[in-house]
Number of protein chains: 2
Amino acid sequence: MSDLELRARERDAADPLAAVRARFVLDEAVYLDGNSLGALPAAVPGRMEDVVRRQWGSLRIRSWDESGWWTAPERIGDRIAPLVGAAPGQIVVGDSTSVNVFKALVAAVRLARGTAGAEGGRDEIVVDATTFPTDGYIAGSAARMTGCTLRPVAPAEVPDALGDRTAAVLLNHVDYRTGRLHDLPGLTAAVHAAGAVAVWDLCHSAGALPVGLDEHGVDLAVGCTYKYLNGGPGSPAYLYVRRELQDRFDSPLPGWNSHAEPFGMRADYEPAAGAPRGRVGTPDILSMLALEAALEVWDGVSVDAVRAKSLALTDFFLECVAAYAPEGAVESLTPAAHAERGSQVALRCPDAGEVMKRLIASGVVGDYRPPDVLRFGFTPLYVGFADAERAARILADTLS
Amino acid sequence: MSDLELRARERDAADPLAAVRARFVLDEAVYLDGNSLGALPAAVPGRMEDVVRRQWGSLRIRSWDESGWWTAPERIGDRIAPLVGAAPGQIVVGDSTSVNVFKALVAAVRLARGTAGAEGGRDEIVVDATTFPTDGYIAGSAARMTGCTLRPVAPAEVPDALGDRTAAVLLNHVDYRTGRLHDLPGLTAAVHAAGAVAVWDLCHSAGALPVGLDEHGVDLAVGCTYKYLNGGPGSPAYLYVRRELQDRFDSPLPGWNSHAEPFGMRADYEPAAGAPRGRVGTPDILSMLALEAALEVWDGVSVDAVRAKSLALTDFFLECVAAYAPEGAVESLTPAAHAERGSQVALRCPDAGEVMKRLIASGVVGDYRPPDVLRFGFTPLYVGFADAERAARILADTLS
């Protein structure tokens, strides 16, 4: 047994989160794609059977009240809240991330303009130029429909791009491709100093590291729940609206679920108070209640412990790759500094698509992002140090 | 046994759809709320278990390809297509009805304006004044964001309200409260004669009666799948874009799933061809695949047969109510003429909310819509004539 293998064993034995792995359904593969689709939490199949057979099949329409279907978006939002540093009553679950980006950005422009409206002069939406594409596409639509210009800016240059014309800024907490962690507190403060509204996309950070939405004064945030939150394929996204802004949150998608009196069936629209104002239509209950069951894996788990293990895992994986892989075969895009690293390692190499296919065939599941990136996501709840060592070893074999 | 009970037995014995009832999970209650939440199709629980345990739990990320997750929105759209009279390749499933109303209406305004843009003078959205509220709320937002005025008009008066300023018209095929069936072919022709774009909401007609989207030249349509399509609580809605309009369909929600090359991760947006252009974000796979399993109940079932039974059932129920209920205790809001009737019966009575509670306690499940309406939905796939007779008898007892 090599030194790295031995050290992996020791660290797994000392890992305070090691027992959490049993809360998931896993097999012999090393699953490093939890940053795309989290593994199945063991509580989900039984819960789904109950939801389908008893709640839908037997109680039917009564379940909207009796099984708590109607209030699920706020209730599950409150379950996510501590994972992203939010007090209760500020998050609703529902719709896709893309739809929530639209709600948040249009509402952000309206907040920035306030009573001045479009005449107030704030006519730019700044968006991370390296963003996952959907955020840019949706930001383009939000800009078009609010009379703004879309301005793509690299995150490091955002502070210099801000000014009197900036209405809203949409940023990613962690870059989907490189795994770079951006400076949420500093950038949020810069956006506020310019009088603009800060919208954060937490898809690649929530569940992997502390976010601190309340603490850092973030205005609006969105995120998906199928990566580090393990909610299942296409599980609903969420929207955070800071409490002080809720009364002025003016949604471009004012569906009946966001009405103050949804069953009043009134022709006039009166928005609900609080987080439910971010709702739109009837929630997708099956996907949503699978997510609720999935969130039980967090019982007794602290995000700080997850962060500590995440950094230790990615450090160790990079060390193993450096030790095993042929010199110069891969180049890490992931920042070495902890303060700039999310919970994934991105490695550049030629033929990355082919390399990933071979890796998957050898039982190491990551994914490929064009043009030349191998992504390895480390979910501290179910990935261990021996997994990291094995993945690096098999990667090195594949590259040789 | 009364004459009506005898006739109910005879009609059930002669019902060509009687055997379809076995494709659902039902109990001794008379379930007349399928126009709110359809009953559980028997194929769903097993399918969901496979989706959760094998597709998600075992195949994990591979299922996006290997289990057909990625193409589910179009594939399931094509499964719905024959039920609403659409050729394949024009429907995608995903998002809520409210979100799809937004996509359809904004796109409709853009289609109506064409290259003339907002300067072309078309600046009104006409909406059914008696609509289910969410359509009106969302139409208000679509109007606000496209520089239009929202004009609520009773469906019968729509032809007179149309003109050079009309951009888009949003109508309900069947009224959610009264069950009135509107004249889709005639109103669509009137909208087209005015040079405007017709958007139909099929929530209360799809799966209950022939719609004929292609035949009648409907431009855009939306609908939910949890009523007569039995897709489960909050199952995803769908969007129909007529083939000839697809190349000009300009979505206000251009998420990455609607991109021509979604995995190219390109910064510039290029819309996909065909129905996928109506997609937005990652589809909610659990809810979506439950719907796919639910649609199997339609194998070998013709919508014409469903319509024939639906009219016979609602006729028979009204006859039984007239025979059993105290004189003047209820008043039917449902049109007597078949050409104006959907698949529900709406009865007005004092204290309707209380009456419905007592009915439900007696095993007859309908629902209540304010201020004074009892709604009874008849899903011909699983409701029989003896159910209708029993419901009327228990209603009469409750009213006495």
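For the numbers below, each heavy atom of this structure counts, side chains included, while hydrogens, waters and symmetry mates do not. In what follows, chains carry the letters A, B, and so on, assigned in the order in which the sequence lines appear, proteins first and then strands, with residues in each chain numbered from 1.
- When all heavy atoms of A:R266 and B:P133 are compared, the pair lying nearest together is O-CB, 3.6 Å.
- Of the two parts of B:M48, only the side chain, counted from C-beta on, holds a non-hydrogen atom closer than 4.5 Å to a non-hydrogen atom of chain A.
- Taking the six-membered ring for Trp and thresholds of 30 and 60 degrees, A:H259 and B:Y137 have nearly parallel ring planes, at less than 30 degrees apart.
- Considering only heavy atoms from C-beta on, A:R144 comes within 4.5 Å of B:D250 through its side chain.
- Neither the backbone nor the side chain of B:D367 comes within less than 4.5 Å of any heavy atom of chain A.
- Of the residues considered (B:S287, B:P262, B:S96, B:G281), B:S287 shows the highest number of contacts with chain A, using heavy-atom pairs under 4.5 Å.
- The stretch residues 61-73 of chain A places A:I61, A:W64, A:W69 near chain B, each with some heavy atom under 4.5 Å from a heavy atom of that chain.
- Nearest heavy atoms, A:R60 versus B:V25: NH1-O, 3.6 Å.
- When heavy atoms are compared at a cutoff of 4.5 Å, B:A39 approaches chain A by way of both its backbone and its side chain.
- By the 4.5 Å heavy-atom criterion applied to side chains, B:P236 and A:D284 are not counted as neighbours.
- Contact of B:F24 with chain A is not made at all, since no heavy-atom distance falls under 4.5 Å.
- Contact count against chain A (heavy-atom pairs under 4.5 Å) is highest for B:L253 among B:L253, B:L26, B:I360.
- Residues B:P41 and A:W56 come closest through the heavy atom pair CD-CZ2, 3.7 Å.
- When each of A:V365, A:D268, A:L289 is scored by its heavy-atom pairs under 4.5 Å with chain B, the top score falls to A:D268.
- Judged purely by atom type and a 3.5 angstrom limit, A:S141 uses its side chain to pair as donor or acceptor with the backbone of B:P252.
- Ranked by non-hydrogen atom pairs under 4.5 Å with chain A, the options B:A267, B:G234, B:P233 are led by B:P233.
- By the 4.5 Å heavy-atom criterion applied to side chains, B:D95 and A:D95 are not counted as neighbours.
- The interface of residues 31-38 of chain A with chain B, defined by heavy-atom distances below 4.5 Å, comprises A:Y31, A:D33, A:S36, A:L37, A:G38.
- With values rounded to the nearest 0.5 angstrom, A:I285 atom CD1 is found 12.5 Å from B:L286 atom CG.
- For A:G255 against B:S98, the heavy-atom pair with the smallest separation is CA-OG, 4.1 Å.
- In this structure, no portion of B:T97 lies under 4.5 Å from any heavy atom of chain A.
- Here the two rings, on B:F102 and A:F102, have centers that are under 6.0 Å apart.
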